[in-house]
Amino acid sequence: MAPLFVSESAQPFDVPLSDLRVQHLGKRLVVGVAIIARVYLGQEKNSQEKWINKLLLLHRAETEDVYPLMYELLGGGAEPEDATLLNTVVRETKEETGLSVIEIRGVFPGFEYETTKSKAIQFNFVVGVEARTGVNIRLNPKEHCGFVWIDKKDDLSCYPMTESMKRVVSDALTVMAESASGHPPRRLKSDFIYPMLSLTLYAVSSLLSGILPSLFIVRCIPTQSQFPRRPAPIYTP
């Protein structure tokens with residue numbers, strides 16, 4: 001298995017899940033995963049291959065109890081076997097698409113919501129995968145019945161979604177379009193709020209641990225990362 005590289009903006013999530021649960025008591029931790037890939041469109045008249053950046057949407061199965069036949073980014077909740085939320089990203093991507101994440105390229109705004117069972121908070125990530133097109137996608141038929149690649153030109157009204165998911169997809173498309181243009185992606189509303197919260201709590205805990213060592217202090221950033229790290233853009237075409 002290839003090493004997993006983590007961008008600077010995603011590094012604050014490379015912490016034990018127990019740390020994040022302390023920060024968000026009573027809320028289920030959920031990830032949303034935006035797979036942005038170059039999709040092959042065929043050859044142009046000059047025989048050059050034509051590729052375009054696309055975002056992957058999954059079509060929920062008709063048998064799903066909640067939001068059947070709606071479109072969404074892939075994702076799911078953290079499980080006991082996940083050491084960190086980044087492990088959740090990797091696992092959910094593999095389970096729902098069969099694709100292997102090779103790089104977590106960045107984060108973008110999440111949201112909170114409530115179901116009949118629990119409250120939840122969703123963190124969204126942009127990832128790179130080993131496959132460049134959709135030909136290798138293997139869906140779990142119990143969860144999804146199809147998929148589609150979209151870009152900024154597509155009409156989102158053609159793909160039924162919840163309002164929250166529509167905002168998330170729109171943000172992901174904005175990140176994709178601005179990154180592909182060569183300009184640094186602008187910071188969307190609440191962008192990087194969760195990583196900055198983790199860093200702030202870490203700084204406060206470090207200060208307090210020096211003053212009141214007898215107190216129980218949650219440290220948000222471990223001294224040893226379990227993933228190789230290198231700076232990475234949110235998306236490199």
Between OG on residue Ser170 and CE on residue Met165, distance to nearest 0.5 Å = 12.5 Å

remark   = Here the gap from Arg60 atom CZ to His144 atom NE2, rounded to the nearest 0.5 Å, amounts to 6.0 Å

key: Leu57/Met161 under side-chain contact (heavy atoms from CB on, under 4.5 Å): CA gap, chis, key distance, verdict   = CA-CA 10 Å; Leu57 289 185; Met161 302 180 219; 3.9 Å; yes

message = For Thr162 and Ser164, which I'm curious about, is there any donor-acceptor pair between the side chains at under 3.5 Å?
response = no

request  = Identify the heavy atoms of Asn53 and Arg38 that sit nearest to each other, and give their distance.
outcome  = OD1-CG, 3.2 Å

inquiry  = Can you give me the closest heavy-atom contact between Met176 and Leu55, atom names plus distance?
reply    = SD-N, 3.8 Å

query = Just by modelled atom types, is the Pro109 backbone N or O under 3.5 Å from a matching donor or acceptor in the Asn124 side chain?
reply = yes

query = So, for Asn136 and Leu99, which heavy atoms are closest and what is the spacing to 0.1 Å?
reply = O-CD2, 4.1 Å

Ignoring hydrogens and angles, write down the donor-acceptor pairs under 3.5 Å from the side chains of residues 75-82, residues two or more places apart or on other chains.
| residue | atom | partner | partner atom | Å |
| --- | --- | --- | --- | --- |
| Asp82 | OD1 | Arg91 | NE | 2.9 |
| Asp82 | OD2 | Glu79 | N | 2.9 |
| Asp82 | OD2 | Thr88 | OG1 | 2.9 |
| Asp82 | OD2 | Arg91 | NE | 3.2 |
| Asp82 | OD2 | Arg91 | NH2 | 2.8 |

message = One pair to check against side chain to side chain donor-acceptor pair (under 3.5 Å): Arg21 and Ser18. What are the steps and the verdict?
response = CA-CA 5 Å; Arg21 289 195 174 102; Ser18 57; over 6 Å; no

Distance (rounded to the nearest 0.5 Å) between Ile121 CD1 and Leu20 CG = 9.0 Å

key: Donor-acceptor under 3.5 Å (Asp154 side chain, Asp151 main chain)   = yes

remark   = Rounded to the nearest 0.5 angstrom, the NZ-OG1 distance for Lys142 and Thr63 is 9.5 Å

request  = Check whether any side-chain heavy atom of Leu156 sits under 4.5 Å from a side-chain heavy atom of Ile150, and report yes or no.
outcome  = yes

request  = Evaluate the side-chain proximity of Arg28 to Lys119: yes if any heavy-atom separation is below 4.5 Å, no if none is.
outcome  = no

ask   = Taking Asp14 for the side chain and Gln11 for the main chain, is one N or O donor matched with an acceptor at less than 3.5 Å?
value = no

ask   = Where do Pro141 and Ala61 come nearest, in terms of heavy atoms and distance?
value = O-CB, 3.8 Å

message = Please enumerate all residues that pass ring-ring contact (aromatic ring centres under 6.0 Å, His included) together with His59, with sequence neighbours excluded.
response = Tyr71

key: side-chain hydrogen bond (donor to acceptor under 3.5 Å, both in side chains) partners of Ser157, counting only residues at least two apart   = Asp155

ask   = Do Thr174 and Asp171 have a side chain donor and acceptor closer than 3.5 Å?
value = no

message = Could you tell me if the side chain of Asn140 sits less than 4.5 Å from the side chain of Glu96, heavy atoms only?
response = no

4.5 Å side-chain heavy-atom contact, Leu139 and Ile137 = yes

request  = Please round to the nearest 0.5 Å and tell me the distance separating atom CG of Leu58 and atom CD1 of Ile35.
outcome  = 7.5 Å

key: Pairwise side-chain contact, Val107 with Phe13, heavy-atom cut-off 4.5 Å (strictly under)   = yes

request  = Decide yes or no for Phe125 and Leu85: does some side-chain heavy atom of the first lie under 4.5 Å from some side-chain heavy atom of the second?
outcome  = yes

message = Within this structure, what is the NZ-CG distance for the pair Lys153 and Leu173, rounded to the nearest 0.5 Å?
response = 13.0 Å

Under 4.5 Å side-chain linkage, directly or through intermediates, the cluster mates of Tyr67 = Val66, Met70

ask   = Side chains of Leu29 and Phe123: does their closest heavy-atom pair fall under 4.5 Å?
value = yes

key: Results of ring-ring contact (aromatic ring centres under 6.0 Å, His included) for Tyr113 - residues two or more places apart only   = Phe111

task = Write out all pairs satisfying ring-ring contact (aromatic ring centres under 6.0 Å, His included) with one or both partners inside residues 76-101, taking only residues at least two apart or from two chains.
result = none

ask   = Which atoms form the tightest heavy-atom contact between Ile36 and Ala172, and what is the distance?
value = CD1-O, 4.2 Å

